[in-house]
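Throughout, protein chains are lettered first and strands after them, A, B, ... in sequence-line order, and every chain is numbered starting at 1. Because the structure is a prediction, the values reported are computed rather than measured.
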Amino acid sequence: MEYKIELVNLSVYYGDFHALRNINMQIGAKTITALIGPSGCGKSTMLRTINRINELIDGTRIEGKILIDQKDIYHPKTDILQLRKKAGMVFQRPNCFPLSVYDNITYGPRVHGIKKKAELDEIVEKSLRATWLWDELKEKMKKSALSLSLEYQQRLCIARVLALGSEIILLDEPCSALDPITTLRIEELLVELKKDYTIIIVTHNMQQAARVSNYSGYMLMGELVEVNETSKIFTSPQDKRTEDYITGRFG
Amino acid sequence: MKSRENLIQFGLLIIALSTIVILLLIALFILKEGLPIILRVGIKGFICSTHWSPQQGQFGILAMIIGTAWITAGAILVSLPLSLSCAIYLSEFSTPKVRGTLKPIIELLAGIPSVVYGFMGMVILFPLIRNYLGGAGPSILTASVILGIMILPTITSIAIDSLQAVPHSYREGSLSLGATRWQTIRMVILPAAKTGILSGIILGIGRAVGETMAVIMIAGNSVIIPKSLLDPVRTLTANIALEMNYATGDHRQALFATGIVLFITIIILNIIAHTIARGGVEK
Ligand SMILES: Nc1ncnc2c1ncn2[C@@H]1O[C@H](COP(=O)(O)OP(=O)(O)O)[C@@H](O)[C@H]1O
Ligand SMILES: [Mg+2]
């Protein structure tokens, strides 16, 4: 089987601080992988390294490799902009731009050179339908995205990534600003999206990992302690540290 | 203990109130001195007439209004590209250390006395313009360039603050979608900082309209309707400053009335700046 994403002996440093330690992980296409672990263990760092947004922080450095579709994304010849398009990111807090709903969704296509109104309209409808926002928002294209509720804003951020034409969606605790009911709706959405996309979701909510993901990885202090099918991680963890965390005996 | 605090509080209140009272008194004084002549020649006769010859009893300030407008517009045109590029560079591309050093230096420019700017205009710009573009030297162009430089610090500093106030998450969000830095600035950061930058520009306009000393030195001060950028003009502020020390009677009143026009202009500009700034917050 060919993997969509492979992390090979990946280490990430912030200055002298060793934030990710020698991570090895393979992720198949069209699966949902959940990353769990206590705060500060390096989950966000891992996602941000895959999108190469993390290198904007001064003093970050990586060792090892990340392959997407068998290509090393840290190869000097990599087109970073195309990579970020392929692996779009959704952040912890919705970060819709202070622009209209329409301009938010078309932002990705526009920065990647799509100008035709008809084409953009089509993309908007498709990505809004895919995130179940079309009926609510089709009359509100010109409204400021910031006037929407947090849930809608976060769904709009997901729609923005879909509109980009991403194949991989990286979500960093996408529900942490939402209430339990809207959280469930986003989870449902993710399961639906799995049919077409490869998804990695960071969460510190274990129920969430159990509900949505096919695979789960448990991280601790920069290490990937264990990764396996989600059902196995939650019922028969191989590592004592995973078991302690799952059963709530952590720390 | 308590009563002492009350006393201090009361004292501060009196001081605060007296500031407002002084401002009101100035406004009232200007109105009292200037309003009669406006009422006599009519608002239209005062503002829309180009004839200013106090000896003949003609008090139309249109030429000065046009002069002020030209110089102010020119100053904004000179200043905007410079201050915006400067602000974008310092906010989006420079390191915090460079920004921390350069921003106070730019703000220091605002502290240079305006007579020095006027002097620079006379010794540097007059010969340049005379030799390369023609005319005598004092002109709309000279005044626009110098005023443009004078209002640079105001606009730049406010623009930097507005750009810096744009949440970092917008930058990350845009870059993470594969936008370039320029696209991010043009399509997200500038629109997000728009209201702040606009109010900075309006404050800059206010400064340009109100500037007197430098303008007297370099604008030429002729009461004419300019036909080219190389023509000399007189501004409203220059009109008051140049004639006040020998004016009497109606003439004196007309100068105060010019002050009323300036006062109202500045108030309107401030209201616009505040409204824009508030609109930005509500969003
Ligand atoms: N910009 C940064 N500079 C220095 N250290 C950082 C930075 N961002 C994160 N770290 C450190 O890296 C570790 C992992 O952080 P992060 O990936 O955000 O963890 P998580 O998302 O699992 O909570 C933490 O110990 C954090 O302190
Ligand atoms: Mg995190």
- prompt: What do the steps show when you test A:Ile53 against B:Leu175 for side-chain contact (heavy atoms from CB on, under 4.5 Å), and what is the final call?
  reply: CA-CA 7 Å; A:Ile53 191 79; B:Leu175 293 170; 3.7 Å; yes
field: Heavy-atom neighbours of B:Gln9 CD exceed 12 at 6.0 Å
entry: no
message: If you count every heavy atom of other residues, nucleotides or ligands that lies below 6.0 Å from A:Tyr215 atom OH, does the total exceed 12?
response: no
Heavy-atom pair with the smallest gap, counting every atom of B:Leu177 and A:Val111: O-CG2, 4.4 Å
- prompt: Side chain, backbone, both or neither: which part of A:Cys157 has a non-hydrogen atom closer than 4.5 Å to chain B?
  reply: neither
task: Measure the CG-CE distance between A:Asp103 and B:Met187 for me, rounded to the nearest 0.5 Å.
output: 8.0 Å
field: Per-residue contact mode, A:Leu81 against chain B (heavy atom under 4.5 angstrom)
entry: both
query: Take atom NZ in A:Lys86; do more than 12 heavy atoms of anything else shown fall under 6.0 Å from it?
result: yes
message: How about CZ on A:Arg110, more than 12 heavy atoms from neighbouring residues, nucleotides or ligands closer than 6.0 Å, or not?
response: yes
message: More than 12 heavy atoms of other residues, nucleotides or ligands under 6.0 Å from CD of A:Glu125: yes or no?
response: yes
field: Least distance between heavy atoms, B:Tyr170 atom then A:Leu146 atom
entry: OH-CD1, 3.7 Å
- request: Give, as side chain, backbone, both or neither, the part of A:Arg48 having an atom under 4.5 angstrom from any heavy atom of chain B.
  value: side chain
query: Are more than 12 heavy atoms from other residues, nucleotides or ligands located less than 6.0 Å from atom CG of A:Asp16?
result: no
task: For atom CG of A:Leu150, decide whether the heavy atoms of other residues, nucleotides or ligands shown that lie under 6.0 angstrom number more than 12.
output: yes
- line: When B:Val188, B:Val166, B:Ile189, B:Thr184 are each screened for side-chain contact (heavy atoms from CB on, under 4.5 Å) with A:Phe97, the one that passes is B:Val188
task: Looking only at non-hydrogen atoms, find the nearest pair between B:Gly173 and A:Phe91 and report the distance.
output: CA-CE1, 4.1 Å
statement: Looking only at A:Met89, A:His112, A:Lys85, most heavy-atom pairs under 4.5 Å shared with chain B are made by A:His112
Heavy atoms from other residues, nucleotides or ligands near NZ of A:Lys138 exceed 12 (cutoff 6.0 Å): yes
query: So which heavy atom on B:Pro191 is nearest to which on A:Leu99, and how close?
result: CB-CD2, 4.1 Å
- request: Quick one: pull up CG in A:Asn54 and OG in B:Ser176 and give me the separation to the nearest 0.5 Å.
  value: 12.0 Å
field: Between CZ on residue B:Arg181 and CG on residue A:Leu56, distance to nearest 0.5 Å
entry: 7.5 Å
